[in-house]
Each structure stands twice: as structure tokens, then as C-alpha cells.
2 protein chains.
Amino acid sequence: MRADALRNRERLVEVAQSAFATNGIDTSLEEIARQAGVGIGTLYRRFPTREDLIAAVLAERYLKLTDVALVLAEEREDVDTAMTEWLTLLMEHMAIYRGLSMAVKEAIHDVDTALGRTCRGMIDAGELLLTRGQKAGAFRLDITFYDVMTMCSAIVLAVERRSEKPNASELPKVNPYLLLDIVLRGIRV
Amino acid sequence: MRADALRNRERLVEVAQSAFATNGIDTSLEEIARQAGVGIGTLYRRFPTREDLIAAVLAERYLKLTDVALVLAEEREDVDTAMTEWLTLLMEHMAIYRGLSMAVKEAIHDVDTALGRTCRGMIDAGELLLTRGQKAGAFRLDITFYDVMTMCSAIVLAVERRSEKPNASELPKVNPYLLLDIVLRGIRV
DNA sequence: CGCTAAACGGAGTCACCCTCCGCTTAACTT
DNA sequence: AAGTTAAGCGGAGGGTGACTCCGTTTAGCG
């Protein structure tokens, strides 16, 4: 890869990161290209789909997350609290950008996309924790981590607010940690 | 309302219903207008937002659903099975059109839109079942039906497949009824 | 220094949303 | 039956964003 191309790529990921943070994952790609000072064609050449760009932005962050799962699975800690801790982290990571949980939900089924592979990595990591808990008799046997992950992404998705809320209602805010607690209770034997 | 306007309105709802069924709730509104044989302006005059059209399509269906809740709440039936039955129905109704659960999730916060009011109606209906169950000591006291409804719409949302699946993965299909079971377990005392 | 493949960039095409306004017509009045 | 008029109609037009294509530029090698 040519030096200029590499520079542009890095700049794009950097700009995308901050654009996702402020405007959610559905920001206009043309806007990102403009802010990065490159043509839209350059963005598309490097990241043919939006998901590729998302995956690039998330790369290191998600590697850390799988590492944590490995550590938690190997430590002698209580299986239940290990699961609780990791699911909390997982949910918080899926909540960093508005729209991300939706993208994750969509990508989870795609075998051969960058974001899809990342998600599969998360599932594999979580599976470790789940099966350990199942062997210890803490969790029901009729579920897979895919089910649990689905519920977690669903919670984040459901709790997510869209940017503008002109007629904000007086409905109570939903507490994602309460919902996670419901799920945790639901998966115990 | 003039006779021709009424005719057009009915035709639009009818066409929208079938378009939503085949293409999901995000179908092009221009396509709906075209199929209904009216101009796009006419559609927008009658249904200023997409949500208004959705609400019109769902109107009777959702009235029935609240009725069922009332009946279930008044019958001497077991509170737990009443809740299970109604949540199952609720989920199935939210799953009839791809994208509907998303629209519901968004609309739930809007006090003064047609779809928003419909959703609030659902929450009120479900609240009856929940509080009855809570009084009977069957469900935890720290949750509202809003939480439960959120989980249900989240499940539907998470399970929903997008239309085209070019690279369908070999991942197991998630079973929404299993996820509902997790939630039900999670809300019991 | 010259060459060339890699990279660039933005104009162009497409799809959809939504508004605005001149024309049409249902339906009431006399 | 004819006249009146406000309700209704429709589609052109303007805006936004995705994505492609191809003529131009340039990094980096020999």
C-alpha cells in the first residue's frame, strides 16, 4: 500500500470515529470523506461498504473485549459474576455509537464481511463463558451464547434514543442494566 | 371529507397494507402512491408522516389486541399464563411487517402521534396484566410493563431478518419464543 | 529522470423524501 | 340546472445521500 493511501486510510478511520461518536453510525459517508479531506471515491475504494469502515473503527476496541472474556473465563472467579461483568461490558461497547447495535445485529449473519467476522469473534468469546457456566450448573442448557448476544444487542437497540427528540415523552427512561438483569435471571437454571 | 378523498384514503391504506407485508415498512411511499393510482401529494396530504400511514394500517388489529388483554386480565385465569399468552400475541403482532418493531420502538416516545398513541394503548393494556400479576406475587415489583414491552419489541427487532440474505450464514436461527421464555423467567419473583 | 501501476477525486446517476402550487371537481346553494 | 368555491388532486422540483466510473495525478521503483 502506497504511503499516501495509508495516510488517507488512517485519516478516514480517525474522522469516521469522531463522526460516528457525534452523529451515530449512519452519518453521511460523503461528509466523512469531506472532513477527511479526500474524495468520496477514495473512501469507497478503501472501504467498499459502510460496514467495512465500522469494522475498521472498532477493530482494536473489540480485540480488547475478547481478551477480557478469555481472562474472565480462565480466572477462578464465580461464573455468574464473570458473565454479568462481561455482558455489561459487551452492552456498553455496543452502545458507544448510536446505530451500532443495529449494524451488529445485521452483520452477525454475514460470514464474509469484516464486521461479521468481528461479531463472530464476540460470540466465540462469550460462548466460553457460557459453557463454563453451564458445566458449573449455573446456566440453562437449552440456550447458546448466540441467544444471549442477541438479547444484549436487542436491549441496546431498544434503549437507544434517536438523536432529536422534539416531543420527548414523560415515559420513564428504560434502564438497560435492569433489562440485563432480567436476561441474566432468565438464563439461570 | 369528500367522497373521492375517502375513496383514495381507503385505497392507500389497502395498498400500504400489502406493500408493507411484502416489502416491509420501509417501502417507498412513492411506490405505494403509484400502486394506489394517486399522486404522491395526495398520500402526503392524508398521511403527513410514514407513521400516520402505519398507524392507519394497524388500527383495527391493535384494537383487538387491547381487547384481548382486558379479557385476559378479567378472566380468573392464572396470571402467569395470561401474561405469557398476551406477550406471545404482542410479539407476533409486532412481527407481521419487517421494520414494524423498529417503528414501534421509535414511536413509543412520541406523545402526540397516531402511532405513538397506539403504542401507549398497548402499554396501558399490558400494565393491567402486569400489576395483577405483581399483586398476586407472581412478578417482580421493580419493573414496569414499559420494561417488558421494550424487551418484547427488542426481541422481535433482533430476530427480524432483512429482506435479501446473499451470504446466509450457518448460524442457528434464533427462536423468539425461547427469548420470550428467558424474559418471562426473568420477570418472575 | 522516466515510467507505470496505484491512487485520486468529483461529476454523474439513481432512488427516495417531501413541498408547493396551479388545476380539477364534489357537492352545496339558489 | 347552473353557479360557486373550498376541498382535493398530482406531479414537477429541490434536497440529500449512496455508489460508480473514468480521466488525471503521483508515489516509488529501476
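Computation of the quantities below employed the complete heavy-atom set of this structure, encompassing side-chain atoms and omitting hydrogens, waters and symmetry-equivalent molecules. Chain identifiers are assigned alphabetically (A, B, ...) following the order of the sequence lines, protein sequences preceding nucleic acid strands; residue numbering begins at 1 within each chain.
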Distance-only polar pair, side chains of A/Thr49 and A/Asp52, donor-acceptor under 3.5 Å: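 Yes, side-chain donor-acceptor contact under 3.5 Å.
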Would you check if there is a donor-acceptor pair between the side chains of A/Thr144 and A/Asp147 at a distance under 3.5 Å?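 Looking only at side-chain atoms, A/Thr144 and A/Asp147 do form a donor-acceptor pair, the distance falling under 3.5 Å.
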Taking only Lys NZ, Arg NE, NH1 and NH2, and the carboxylate oxygens of Asp or Glu, determine whether B/Asp4 and B/Arg11 approach each other closer than 4.0 Å.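 No, this pair does not count.
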Looking for any heavy atom pair under 4.0 Å, which part of the strands does [X] touch: base, sugar-phosphate only, or nothing?
X: A/Arg45; answer: base
X: A/Arg34; answer: nothing
X: A/Arg9; answer: nothing
X: B/Thr42; answer: base

Step by step, work out the side chain to side chain donor-acceptor pair (under 3.5 Å) result for A/Tyr97 and A/Glu160. CA-CA 10 Å; A/Tyr97 306 130; A/Glu160 215 164 63; over 6 Å; no
Would you indicate, yes or no, if C/dC8 has its OP1 or OP2 atom less than 4.0 angstrom from a side-chain nitrogen or oxygen of A/Asn8?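 Indeed, a polar side-chain atom of A/Asn8 lies that close.
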Atom [atom1] of [X] and atom [atom2] of [N]: how far apart are they, to the nearest Å?
X: A/Leu43; N: D/dT20; atom1: CG; atom2: C1'; value: 14 Å
X: B/Glu31; N: C/dC14; atom1: CD; atom2: P; value: 17 Å
X: A/Arg46; N: C/dG9; atom1: CZ; atom2: C1'; value: 13 Å
X: A/Asn23; N: D/dT16; atom1: CG; atom2: C1'; value: 15 Å
X: A/Ile32; N: D/dT16; atom1: CD1; atom2: C1'; value: 15 Å
X: A/Leu6; N: D/dT26; atom1: CG; atom2: P; value: 19 Å
X: B/Gln35; N: D/dG10; atom1: CD; atom2: C1'; value: 18 Å
X: A/Arg11; N: C/dC8; atom1: CZ; atom2: C1'; value: 16 Å

A/Tyr146 and A/His109 aromatic ring geometry - parallel, tilted or perpendicular at 30°/60° bounds: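 Plane angle over 60°, so perpendicular.
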Between C/dA7 and A/Arg2, counting only base atoms on the nucleotide and side-chain atoms on the residue, is there a donor-acceptor pair under 3.5 Å?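 In this structure, the two groups form no donor-acceptor pair.
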Among [options], find the nucleotide with the atom closest to the side chain of [X].
X: B/Asp4; options: C/dG10, D/dG8, D/dA12; answer: D/dG8
X: B/Ser28; options: D/dG8, C/dA7, C/dC17; answer: C/dC17
X: B/Ala3; options: C/dA7, C/dC18, C/dA26; answer: C/dA26
X: A/Val38; options: C/dG9, C/dC16, C/dC8; answer: C/dG9

A/Ile40 vs B/Met1, nearer the 5' end of DNA chain C by closest nucleotide: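 It is A/Ile40, whose closest nucleotide lies nearer the 5' terminus.
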Can you work out whether A/Asp26 or B/Glu30 has the more 5'-proximal nearest nucleotide on DNA chain D?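 In this pair, the answer is B/Glu30.
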